[in-house]
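Let me begin by presenting the structure, written as structure tokens, before commenting on it.
Computed over heavy atoms, backbone and side chain alike; hydrogens, waters and symmetry mates excluded. Throughout, a chain's letter reflects where its sequence line sits, starting with A, and its residues are numbered from 1. Predicted model, so just to flag it, every value in this text is computed and none were measured.
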Amino acid sequence: MLQFLLSMAELPEKFTKPYDSTSVEDSIYSLWEKSGYFNPDTCASDGVCEPDADPFSIVLPPPNVTGTLHTGHSLMLAIQDTMVRFNRMQGKKTLWLPGTDHAAISTENVIVKQLTKEKTSKFKIGRKAFMERVNAFAQESHDTIVSQTKKMGASLDWSREAFTLDEPRQRAVYTAFEQMYNDGLIYRGDRIVNWDPKGQTTVSDDEVNHEERDAKMYTFKYSADFPFAIATTRPETKLGDTAVAVNPNDERYKQYIGQEFSFNFAGADVTVTVIGDEHVDAEFGTGALGVTPAHSQTDWDIAQRHSLPSKQVINEYAKMMVGMDGVVGEKTENARTAVVAWLESEGLMEKIEDIKQNISLSERTKAIIEPLPKTQWWIDVNKPIEAREGKTLKELMLDAVRSGDVGILPDRFEKTYFNWIENLRDWNISRQIWYGHRVPVWYHDTCQKIEEVENNKIKSFSLEPIVGLFPPKGDKEDQFGCPHCQATDLPLEHFSQDEDTLDTWFSSGLWTFSTLGWPDETDDLKTFHPTSVLETGHDIIFFWVARMILMSTYLLGEVPFKTVYMHGMVLDKNGKKMSKSNPETAIDPLESIEKFGTDALRMAMLVGVGPGQNVALGDDKIKAYRKFSNKIWNATRFVIENAGDIDLNTKPEIKPEHQEFINQWETLIAEITGEMNEYKFYLVAEKLYHFFWHTFADIIIEECKKDLNDSSQYTLSYLLVQQIKSLHPFMPFITEEIWQSLPDNLKAGERDILMVANWPKS
RNA sequence: GCGCGUUUAGCUCAGUUGGUAGAGCAGCUCGUUUACACCGAGAAGGUCGGGAGUUCAAGUCUCUCAACGCGCACCA
């Protein structure tokens with residue numbers, strides 16, 4: 001009885017109440033942060049890991065600075081933090097590097113919308129004022145995101161935090177651009193681009209989504225004199241036709257190939273040449289295709305093959321540039337109605353059919369994409385690169401995965417990856433927006449002969465522009481030299497920088513090494529690159545994963561990461577995508593943390609969720625792991641109370657039935673250590689949960705409490721401490737809180753912060 | 001159109017190289033308040049999407065069909 005009272009006195013007061021996550025999480029996080037152990041350098045200098053220990057590094061996929069954290073972010077943070085904590089406890093030199101993404105179009109769009117509401121626009125307030133607005137918003141979002149990230153318990157090294165648009169990253173972007181330009185991989189060219197009339201910018205092929213809609217197929221003749229009919233879904237574009245393509249073997253039209261026809265079409269003078277092209281399907285429509293090079297990718301390709309002229313009839317606002325009254329100046333949809341009415345009144349229309357058609361939408365603005373010819377900056381993915389054994393960017397990207405240097409989990413995504421690369425076309429990297437890295441190209445107006453200027457923008461020039469970090473310096477600080485005419489000391493006004501900004505994924509592609517100090521050869525770069533794992537959502541495999549492999553293999557000659565671990569989407573409890581339209585099932589991570597604790601949320605997202613798998617998340621599931629937190633809490637209470645005096649450094653004689661329990665655990669820890677290294681967290685979390693509850697609590701504690709002696713007490717304390725350690729990567733807060741309350745004799749010489757204790761050895 | 005994936009208990013999912021089906025949650029019955037009601041014990045619940053094949057043996061391998069989901073491409 002005396003013994004009992006003494007033990008009771010040692011039990012911290014807090015264990016007499018259920019576990020209260022809200023009262024401990026913030027202080028635990030600041031304990032970690034103050035320790036400095038998020039930073040691998042501190043770990044090395046304090047002996048947490050050997051200075052030359054194997055590195056383990058992850059760069060955090062930078063959240064967009066467009067708002068707040070959602071469940072997708074929580075999932076990514078939970079998985080990565082688990083990996084990071086596990087590796088840190090294994091004594092690796094562990095770096096998890098945080099940052100945020102400026103997310104060019106998305107962020108710019110937020111402000112553009114605000115301005116529209118305020119009845120003004122970015123053009124009215126000007127580039128400078130606009131940028132100030134965007135930067136203020138980005139800063140605000142950044143701060144919110146950082147504080148929410150800390151709530152998840154993420155053990156990120158904040159001292160190395162990066163932003164895709166900060167100064168060091170700009171240097172990386174400009175250096176990369178310059179090198180690609182000098183290698184002939186970046187070029188300026190006229191092409192059909194995906195034009196977003198709402199965002200007033202181009203977007204890349206990957207930023208275009210397709211949606212099936214009802215449409216009509218119109219079959220008609222251009223004019224009464226024209227010998228046959230064509231079919232199209234967009235009659236208004238026919239004002240820009242320059243040819244009619246037929247299959248060269250099509251008996252119906254063979255005789256017309258090579259003939260030229262001129263006529264007036266809905267108020268526009270049109271001249272078309274009939275050409276034969278193998279790509280035309282004789283079975284489709286009438287077998288004759290009106291070729292509109294300026295407003296269709298396929299037609300542009302045909303025009304290239306046959307050297308046809310191109311005639312733009314739709315402008316950047318998706319309005320008609322030519323045509324009769326009711327057509328010219330109208331939006332394309334209105335113009336279509338007018339052209340159809342005209343065709344009918346002229347008796348040219350032969351047939352109107354209802355069809356399903358996939359239309360192209362801009363991912364960010366949801367505007368219908370208007371294909372337009374534009375001068376843009378491109379990355380050539382098919383040009384052999386001397387410095388890389390004559391391989392093309394496409395080949396570099398394929399080889400990285402094919403060789404196994406990069407492994408993708410789950411492996412089925414490797415097929416998706418190959419499929420995408422094989423169909424890859426040149427990458428359009430310039431955007432006509434303001435928020436982002438300005439294209440690092442300067443045009444020198446005193447030396448260069450500018451041939452064409454339109455809207456104050458240089459359209460063409462006779463000498464190469466100056467590409468690179470900054471305009472070449474002259475003798476004085478604010479004066480610059482021109483490499484072409486050798487003039488020096490020219491004031492900055494003589495140079496004008498390209499107006500466009502770069503696709504946000506250009507800077508994201510550099511992320512694994514721009515964050516480590518590239519282009520300088522820093523220690524970080526040598527130690528932590530290639531990074532160990534990239535953990536991200538499978539929806540950005542092309543946008544990001546592929547671009548990182550492109551940039552890293554080209555610029556550094558090594559892969560950016562060895563393993564890609566893709567997580568799925570977080571769905572609501574009904575298996576539906578969480579969205580603002582049904583808020584009743586959507587989970588707000590901050591709310592869940594408040595209600596059930598971060599550890600419970602993390603477990604709910606980890607248990608049973610393999611790579612690539614979607615997580616159906618409802619309150620019930622999170623609640624179940626709050627119960628688990630409490631179970632751990634109470635079992636700890638029992639062990640401290642009844643076996644807390646045991647010194648774990650001196651192992652007493654263990655009875656066979658207790659040794660059997662220890663053996664069971666040691667078998668388990670060997671098994672799960674292996675599984676952790678194979679990224680099977682979903683299995684490990686479940687096994688730990690199960691062992692703790694249904695073996696340790698239900699059986700072992702029940703057995704041991706019958707007879708508390710050295711053997712049973714040692715067994716209890718030993719198994720508790722082992723499990724607290726192995727649960728730490730999954731449930732960092734409660735395990736650390738327990739560790740902080742554990743008597744020293746149970747810590748067995750380990751450090752006083754669990755985060756840097758040793759992972760149990762089997 | 002091409003490709004990928006999923007289909008196992010009411011729900012969410014495990015099931016490793018083929019050897020008589022498992023867990024969590026929910027529900028049901030009973031119990032317990034000196035670690036824990038954010039608890040314990042117990043029972044119930046499945047012709048493993050359909051069909052065919054290989055095999056002594058198939059949830060697992062092969063083929064085929066179907067439903068659902070996802071990705072890519074797209075024809076004017």
Between [options], which nucleotide has the shortest distance from any of its atoms to the side chain of [X]?
{"X": "A/Glu686", "options": "B/A23, B/C4, B/C25", "answer": "B/A23"}
{"X": "A/Arg626", "options": "B/C72, B/C38, B/C36", "answer": "B/C38"}
{"X": "A/Glu641", "options": "B/A35, B/C39, B/C72", "answer": "B/A35"}
{"X": "A/Asn419", "options": "B/C36, B/C72, B/A76", "answer": "B/C72"}
{"X": "A/Phe284", "options": "B/C25, B/A35, B/C75", "answer": "B/C75"}

If the [atom1] atom of [N] is compared with that of [M], how far apart are they to the nearest Å?
{"N": "B/A41", "M": "B/U33", "atom1": "P", "answer": "16 Å"}
{"N": "B/G53", "M": "B/U60", "atom1": "C1'", "answer": "15 Å"}
{"N": "B/U17", "M": "B/G51", "atom1": "P", "answer": "26 Å"}
{"N": "B/G27", "M": "B/A67", "atom1": "C1'", "answer": "28 Å"}
{"N": "B/G50", "M": "B/U8", "atom1": "C1'", "answer": "15 Å"}
{"N": "B/C28", "M": "B/U16", "atom1": "C1'", "answer": "34 Å"}
{"N": "B/A35", "M": "B/G59", "atom1": "C1'", "answer": "41 Å"}
{"N": "B/A76", "M": "B/G3", "atom1": "P", "answer": "22 Å"}

Need one value for [X]: base, sugar-phosphate or nothing, where a base atom within 4.0 Å counts as base even if backbone is also close, heavy atoms only.
{"X": "A/Arg412", "result": "sugar-phosphate"}
{"X": "A/Thr233", "result": "sugar-phosphate"}
{"X": "A/Tyr689", "result": "sugar-phosphate"}
{"X": "A/Lys631", "result": "base"}
{"X": "A/His690", "result": "sugar-phosphate"}

Legend entry - Proximity of A/Tyr256 and A/Phe228 rings by center, below 6.0 Å: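 Yes: the rings meet the under 6.0 Å criterion.
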Inset, instruction - Locate the shortest heavy-atom distance separating A/Gly276 from A/Pro248; write the atom from each residue and the value. - result: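 That closest heavy-atom pairing would be C-CD, 4.0 Å.
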Legend entry - Secondary-structure string, 5' to 3', Watson-Crick or G-U under 3.5 Å, | for another-strand partners, for RNA chain B: (((((((..((((.....[..))))..(((((....).))))......(((((..]....))))))))))))....
Inset, instruction - Whole angstrom is fine here: how far is it from CZ in A/Phe413 over to C1' in B/C4? - result: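 Taking atom C1' of B/C4 as the reference, CZ of A/Phe413 is at 9 Å.
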Legend entry - Nearest-angstrom distance from the residue atom CG of A/Asp539 to P of B/C72: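 Checked: the CG to P distance equals 10 Å.
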Legend entry - Results of side-chain contact (heavy atoms from CB on, under 4.5 Å) for A/Lys415 - residues two or more places apart only: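 So A/Lys415 forms no side-chain contact (heavy atoms from CB on, under 4.5 Å) with any residue.
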Inset, instruction - Tell me, please, which residues at least two apart from A/Ala367 pass side-chain contact (heavy atoms from CB on, under 4.5 Å). - result: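 A/Ala367 satisfies side-chain contact (heavy atoms from CB on, under 4.5 Å) with A/Asp196, A/Pro197, A/Lys198, A/Thr365 once adjacent residues are dropped.
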OP1 or OP2 of [N] versus the side-chain N and O atoms of [X]: is any pair under 4.0 Å?
{"X": "A/Gln613", "N": "B/U12", "answer": "no"}
{"X": "A/Lys621", "N": "B/U12", "answer": "no"}
{"X": "A/Thr292", "N": "B/A76", "answer": "no"}

Inset, instruction - Determine, stepwise, if the pair A/Tyr689 / A/Tyr625 fulfils ring-ring contact (aromatic ring centres under 6.0 Å, His included). - result: CA-CA 9 Å; A/Tyr689 170 89; A/Tyr625 292 102; 5.3 Å; yes
Inset, instruction - Sort and list the pairs that fulfil salt bridge (Lys or Arg N to Asp or Glu O under 4.0 Å) and have at least one residue in residues 591-611 of chain A, not counting sequence neighbours. - result: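 Passing the test, one end in residues 591-611 of chain A: A/Asp81-A/Arg602, A/Lys595-A/Asp619.
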Inset, instruction - Mind jotting down which residue pairs meet the salt bridge (Lys or Arg N to Asp or Glu O under 4.0 Å) criterion with at least one end in residues 681-693 of chain A? Sequence neighbours excluded, please. - result: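 Salt bridge (Lys or Arg N to Asp or Glu O under 4.0 Å) check on residues 681-693 of chain A returns A/Glu671-A/Lys687, A/Glu675-A/Lys687.
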Which side-chain N or O atoms in residues 691-699 of chain A pair as donor and acceptor under 3.5 Å with protein atoms at least two apart or in another chain?
unit_1, atom_1, unit_2, atom_2, d
A/His694, ND1, A/Asp698, OD2, 3.0

Inset, instruction - Specify the residues of residues 693-706 of chain A, ordered by number, for which at least one heavy atom lies under 4.0 angstrom from an atom of RNA chain B. - result: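 Within this stretch, A/Trp693, A/His694, A/Ala697, A/Asp698, A/Ile701, A/Glu702, A/Lys705 sit under 4.0 Å of the strand.
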Inset, instruction - Tell me, please, which residues at least two apart from A/Lys394 pass salt bridge (Lys or Arg N to Asp or Glu O under 4.0 Å). - result: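 For A/Lys394, no residue satisfies salt bridge (Lys or Arg N to Asp or Glu O under 4.0 Å) once neighbours in sequence are set aside.
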Legend entry - Test salt bridge (Lys or Arg N to Asp or Glu O under 4.0 Å) applied to A/Lys254 - qualifying residues, sequence neighbours left out: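 With sequence neighbours excluded, A/Lys254 shows a salt bridge (Lys or Arg N to Asp or Glu O under 4.0 Å) to A/Glu251, given in chain and number order.
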